[in-house]
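In what follows, a structure is listed as structure tokens, so that the remarks can point back to it.
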Amino acid sequence: MKHKCLSLLVLMLATLASFAQQPSATVEMADTFRSNGKIYVVVAVILTIFIGIVLYLVRLDRKVSRLEQETR
Amino acid sequence: MKKSWWKILAVALLVYTIVAGLLWNNVPRLPQLQETIRNLYFHVCMWFAMMVLFTCSVVHAIKYLRNNNLRSDILSRQYAVTGIVFGVLGYATGAIWAAYTWADPNLDTSESFSAIAREPKLIGAAIALLIYGAYLVLRDSIQDLDKKARISAVYNVFAFAFLFPSIWIIPRLLPSLHPGGEGGEGGNPGLNYRDLAPTMRLVFYPAIIGWSLLGVWITTLKVRMTLIKEKNLLHEA
């Protein structure tokens, strides 16, 4: 009897888990894109562009600092 | 580089935003929005940065009215310009986002657009940006330096006061596609714990700080360049 109750409980919990997953599983996300790792390529490209812009800003900052020194 | 710790902080936060914002699997799986929900870390942050920059601008405008120092006027103007740039970026990114989520694929582009164009936040943001655009037109149309500074400082206060009803208050009172409209959870959707998945905040808030600091950095560069250019002018004053 005890085993029956336990197995029933496990079954009920299993259905609960499947219910919980149902709404999320139906929504299409970029899961393939993530699982095959191509997303890292996109992140690398965006980071490269961003770092490039930041380096440009740093150079500009240095240049302005030098100008400030000269005009003082 | 002058006082660089917060510039490093800005870059670090933005690198974190890009990496965690794109890779971290912490976003809710929502129909229609799907992966585009990650735009929260970029599109929404443009508007937050714009608000920060416009706030700096109005603070310096009021400072000018108190001390009549042209330096405050230069600061006020440059903060406003960077704020407008961030606002335009927010608008452009919003247009791309809306085209893939709000637009109805069953309708013609024009019909779909006419539905989206009624969105109160779009109209409010357009009005706010046009008012700030008019700020620059007004400034550059006045020859006399002190008059220019004084009139544009007063106009800046007016523009800032109009920013709140046009982008924060009116869109909340009307039915809106944006979060926080009529029939929503109420309160600020960016801060309300029911409107934003808790784990998304761990990227969203650093992203706001990072983008705002980047805006401030760009502005300080422009201010320093203008100060060098107008050096003689400031010494005469």
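Letters A, B, ... are given to chains in the order of the sequence lines, protein chains preceding strands, and every chain is numbered from 1.
- Open room surrounds OH on A:Tyr40; 12 or fewer heavy atoms of other groups in view lie less than 6.0 Å from it.
- Neither the backbone nor the side chain of B:Leu227 comes within less than 4.5 Å of any heavy atom in chain A.
- Residues of residues 9-21 of chain B lying under 4.5 angstrom from chain A, judged on non-hydrogen atoms, are B:Val11, B:Leu14, B:Val15, B:Ile18, B:Val19 in numerical order.
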Donor-acceptor contacts, no H, no angles, side chain residues 84-93 of chain B, under 3.5 Å, sequence neighbours left out:
from	atom 1	to	atom 2	distance (Å)
B:Tyr91	OH	B:Leu122	O	2.7
B:Thr93	OG1	B:His43	ND1	3.0
B:Thr93	OG1	B:Leu89	O	2.9
B:Thr93	OG1	B:Gly90	O	2.9

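- When the shell of 6.0 Å around NZ of B:Lys63 is examined, it contains 12 or fewer heavy atoms from other residues, nucleotides or ligands.
- Note that CG of A:Leu67 is 8.5 Å distant from CE of B:Met225, once rounded to the nearest 0.5 Å.
- Between B:Lys7 and A:Leu57, the closest side-chain pair of non-hydrogen atoms is not below 4.5 Å.
- A salt bridge links B:Glu35 to A:Arg34: one of the charged nitrogens lies within less than 4.0 Å of a carboxylate oxygen.
- By the 4.5 Å heavy-atom criterion applied to side chains, B:Asn25 and A:Met29 are not counted as neighbours.
- The distance from the CD1 atom of A:Ile39 to the CG atom of B:Leu22 is 5.5 Å, given to the nearest 0.5 Å.
- Proximity to chain A involves both the backbone and the side chain of B:Leu23, based on heavy atoms less than 4.5 angstrom apart.
- When the shell of 6.0 Å around CD of B:Gln143 is examined, it contains 12 or fewer heavy atoms from other residues, nucleotides or ligands.
- When each of A:Leu47, A:Ile51, A:Val42 is checked for heavy-atom pairs under 4.5 Å with chain B, A:Leu47 comes out on top.
- Considering only heavy atoms from C-beta on, A:Val64 stays 4.5 Å or farther from B:Thr220 through its side chain.
- Atoms CH2 and CG, on B:Trp217 and A:Leu60 in that order, are 9.5 Å from each other to the nearest 0.5 Å.
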